[in-house]
Amino acid sequence: RLWKQLDANGQNQLQVSLLKCFSSCHEPPVLRVLGEACNATCQQVAMHRDTVWQDLLQLLVSFLNGSSSAQRVAALDLFGSLVDSIGARLQPYHLDLSHVVMKCFKEDDVAVCIASLSLVRTVSISWCLSEAD
């Protein structure tokens, strides 16, 4: 509801602030909550601007390529949430995402491996759904 009440500058500032907080965080519970806020914001961007929040996707890719396992898990979890919430809009990114996820399979960190498997499951279900489903 708040999104519609913000002007374009307010919406942009909200997005910038969320990305700043998300990118500087390394605590899993806080990353989870910030991820939920980013997911909700991404849904609003998709609904009201008919586009995907590119800066968020770029941040998630940088997390996946980064050194923080907590941020890699958060990125994988958020990608899964985004597939659930705005799925069809992310299909053009599935192939690129699959390459990064395959890299995560080879991690020594069990949490990253589990999160990557969960994302593969979510994306696979998304691919199998038809408009009738």
Indicate every side-chain donor-acceptor pair of residues 73-86 with a distance under 3.5 Å to a residue at least two apart or in another chain.
from	atom 1	to	atom 2	distance (Å)
Ser81	OG	Asp77	O	3.3
Ser85	OG	Asn39	OD1	2.7
Ser85	OG	Ser81	O	3.1
Ser85	OG	Leu82	O	3.4

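Residue Val45 comes nearest to Val52 through the heavy atom pair CG1-C, 4.4 Å, listed as atom of the first residue, atom of the second, then distance.
With sequence neighbours excluded, no residue forms a salt bridge (charged side-chain N to carboxylate O under 4.0 Å, His left out) with Asp7. Considering only residues two or more places apart in sequence or on other chains, Glu107 meets the side-chain hydrogen bond (donor to acceptor under 3.5 Å, both in side chains) condition with Arg72.
Distance check: Leu56 CG to Thr41 OG1 gives 8.5 Å after rounding to the nearest 0.5 Å. Taken to the nearest 0.5 Å, the CG atom of Leu31 stands 11.5 Å off from the CD atom of Glu36. Rounding to the nearest 0.5 Å gives a distance of 9.0 Å between CD of Gln54 and SG of Cys42. Note that CG of Asp55 is 11.0 Å distant from CG of Leu60, once rounded to the nearest 0.5 Å.
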Val61 and Asn65: CA distance, side-chain angles, deciding distance, side chain to side chain contact (heavy atoms under 4.5 Å, CB included) verdict: CA-CA 6 Å; Val61 170; Asn65 291 313; 3.6 Å; yes
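Under a 4.5 Å side-chain heavy-atom cut-off, the cluster of Ile, Leu, Val, Met, Phe, Trp and Tyr residues that includes Val110 is completed by Ile114.
Judged as a ring-ring contact (aromatic ring centres under 6.0 Å, His included), the pairs with a partner in residues 54-75 (not counting sequence neighbours) are, in order, Phe22-Phe63. Under the side chain to side chain donor-acceptor pair (under 3.5 Å) criterion, the residue pairs touching residues 19-30 are His26-Ser68, with sequence neighbours excluded.
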